[in-house]
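One structure is given here, and the rest of the page talks about it.
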Amino acid sequence: MSYVDEVLELAIAKNPAQPEFHQAVKEVLESLRVVIEANEEKYRKEALLERMVTPERQILFRVPWVDDKGQVQVNNGFRVQFNSAIGPYKGGLRLHPSVNLGIIKFLGFEQVFKNSLTGLPIGGGKGGSDFDPKGKSDREVMAFCQSFMTELYRHIGADTDVPAGDIGTGAREIGYLFGQYKKIRNQYEGVLTGKGLTYGGSLARTEATGYGLLYLTEEMLKSNGQDIKDKVCAVSGAGNVAIYAIQKAQQLGAKPVTCSDSTGWIYDPEGIDVDLLKEIKEVKRARLTEYAAQRPSAQYHEGKGVWSVKCDVALPCATQNELTLDDAKMLVENGCIAVCEGANMPTTLEATEYLQQHKVFFVPGKASNAGGVATSALEMSQNSERLSWTFEEVDAKLKGIMVNIYHNIDDAAKKYGLDGNYVAGANIAGFLKVAEAMEAQGIV
Ligand code: GLU
């Protein structure tokens, strides 16, 4: 059996009932075949792939907190410190009822390659909890965050592990987490990113994932003889990534016409009104029905459906496995030319293969959504030098990083005879840097 197949089998057997983790490992290892097979004996002897798919450390903990009725609630807390070969562990905290160890491991594994692609010195990690911030009062969210940090603080630090936001963890949660860390440690350090601007946050961090997605999409289209201008975009999600993807798409002259949340989706043929969307999601924390109520051109539909809309470019910015094979078929039938992922692993393996077979440009999230974590690394730099850069400075650096990522994954794909296969390009380019650093550091 080939080394890749052996490790794939092993990863599945050793991590039962973690389908998302299996999926992420499968996608990466399959596309590394060309690289591994060229050096199979060496990599097997070093057990490099076994080490790559096994987190350095996994922390599971209890998070008790008291709700507004005086009732004690208990959630599960996770931090998976996956790989620190190229820098301190770095990655977000997801707060969502679906969170379990398998989900955090898939996200941590993806993060290792994503962070490597940014070209910045950050290792990979991820964490979170099955706590649902939706519908909770600010006091309840604070109580949860303080309890979560009361355990997490002993495992993290500016040079050890630097968590950030993800689904369910925004500016409010990062603020409470930072406050509790500072209180327990009596230390003012850049231990989290995505902080508020008054206490060490970076300008443009909020916008970075969505903006970065569009910078990379623009560059990829340009390199393939296409212009982002006037492209109709279908966007899913209505969170931080989707909002700023929509905003940047509009600034670049494209026309985003959809967005979605957990209960329904909007089709707005005149283009999404991003100010209204921001007001509803960032300020009121309300549902998209509210958007339709205030915008005559918008149609609200229950359930899923953004991929049924005719579009040139699809930008999945909601969550994992939201774009299925049936969705991919609809996109192809409607003449979609590109799918660039804003979320982490939003496209199923079958859908990805179908899109690639039908010559749709497909960029995986570990490349196209890396702008968020890249800007987090810029926030770490600013914290270290105790300075704040201007919005324009950070934004220009972000754009440079995204353009670079595109060319790196494109070049890596070409080098291995996989021209246009950006999944392979991203996995290979991300892997090679981490592998080299691991080999240099010995068996640790
Ligand atoms: N959660 C984001 C991601 O998936 C950002 C992580 C960070 O800024 O550390 O990359």
Side-chain angles (χ1 to χ4, degrees), residues 20 24 78-84 86-96 99 103-129 152 156-171 173-174 177-178 190-196 200-213 216 237 239-245 316-320 340-346 363-383 394 397-398 401-402 405 426 430:
E20 293 85 3
F78 304 91
R79 186 71 183 167
V80 173
Q81 299 179 327
F82 222 108
N83 193 306
S84 62
I86 63 171
Y89 310 106
K90 183 83 198 82
L93 297 170
R94 178 172 292 191
L95 300 183
H96 192 270
V99 163
I103 298 230
I104 298 299
K105 276 167 68 180
F106 117 64
L107 290 164
F109 184 69
E110 288 284 294
Q111 200 82 43
V112 174
F113 302 94
K114 178 191 327 199
N115 293 4
S116 167
L117 286 173
T118 65
L120 299 167
I122 37 178
K126 202 86 185 193
S129 172
L152 189 67
I156 63 176
D159 294 314
T160 309
D161 182 356
V162 183
D166 195 79
I167 293 173
T169 306
E173 290 75 16
I174 293 292
L177 290 164
F178 183 77
V191 66
L192 292 158
T193 59
K195 299 186 293 298
S202 173
L203 285 159
R205 175 62 189 89
T206 309
E207 296 84 351
T209 314
Y211 279 23
L213 172 65
L216 187 139
N240 174 262
V241 183
I243 289 173
Y244 293 97
C317 298
T319 194
Q320 67 269 3
C340 300
E341 296 184 326
N344 290 313
M345 209 171 73
V363 187
K366 63 171 73 71
S368 47
N369 76 27
V373 76
T375 308
S376 277
L378 301 179
E379 183 173 330
M380 289 164 71
S381 299
Q382 293 168 77
N383 292 165
V394 180
K397 283 191 167 64
L398 166 65
I401 290 167
M402 299 315 294
I405 292 177

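Ligands are counted one by one from 1 in listed order, and the atoms in each one are counted from 1 as well.
- In summary, the aromatic rings of Phe82 and Phe109 are positioned with their centroids under 6.0 Å apart.
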In sequence, state the C-alpha distance, the side-chain angles, and the governing distance for Arg79 and Ile104, and then conclude on side chain to side chain contact (heavy atoms under 4.5 Å, CB included).
CA-CA 8 Å; Arg79 186 71 183 167; Ile104 298 299; over 6 Å; no

Less than 3.5 Å apart, N/O on ligand 1 and N/O on the protein: could you list those pairs with the distances?
{"unit_1": "ligand 1", "atom_1": "1 (N)", "unit_2": "Lys126", "atom_2": "NZ", "d": "3.3"}
{"unit_1": "ligand 1", "atom_1": "1 (N)", "unit_2": "Gly165", "atom_2": "O", "d": "2.9"}
{"unit_1": "ligand 1", "atom_1": "1 (N)", "unit_2": "Asp166", "atom_2": "OD1", "d": "2.8"}
{"unit_1": "ligand 1", "atom_1": "4 (O)", "unit_2": "Lys114", "atom_2": "NZ", "d": "3.0"}
{"unit_1": "ligand 1", "atom_1": "4 (O)", "unit_2": "Lys126", "atom_2": "NZ", "d": "3.1"}
{"unit_1": "ligand 1", "atom_1": "4 (O)", "unit_2": "Asn344", "atom_2": "ND2", "d": "3.1"}
{"unit_1": "ligand 1", "atom_1": "8 (O)", "unit_2": "Arg205", "atom_2": "NH2", "d": "2.9"}
{"unit_1": "ligand 1", "atom_1": "8 (O)", "unit_2": "Ser376", "atom_2": "OG", "d": "2.5"}
{"unit_1": "ligand 1", "atom_1": "9 (O)", "unit_2": "Lys90", "atom_2": "NZ", "d": "2.7"}
{"unit_1": "ligand 1", "atom_1": "10 (O)", "unit_2": "Gln111", "atom_2": "NE2", "d": "3.1"}
{"unit_1": "ligand 1", "atom_1": "10 (O)", "unit_2": "Lys114", "atom_2": "NZ", "d": "2.8"}

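- Ion pairing of Glu379 with Arg205 is absent here, as no side-chain N (NZ or NE/NH1/NH2) approaches a carboxylate O to less than 4.0 Å.
- Checked by atom type and distance alone, the side chain of Ser116 never pairs as donor or acceptor with a backbone atom of Val112 at under 3.5 Å.
- For Asn383, the side-chain hydrogen bond (donor to acceptor under 3.5 Å, both in side chains) partners two or more places apart in sequence, or in a different chain, are Lys195.
- Looking at Gln111, its side chain never comes within 3.5 Å of a backbone N or O of Gly124 through a donor-acceptor pair.
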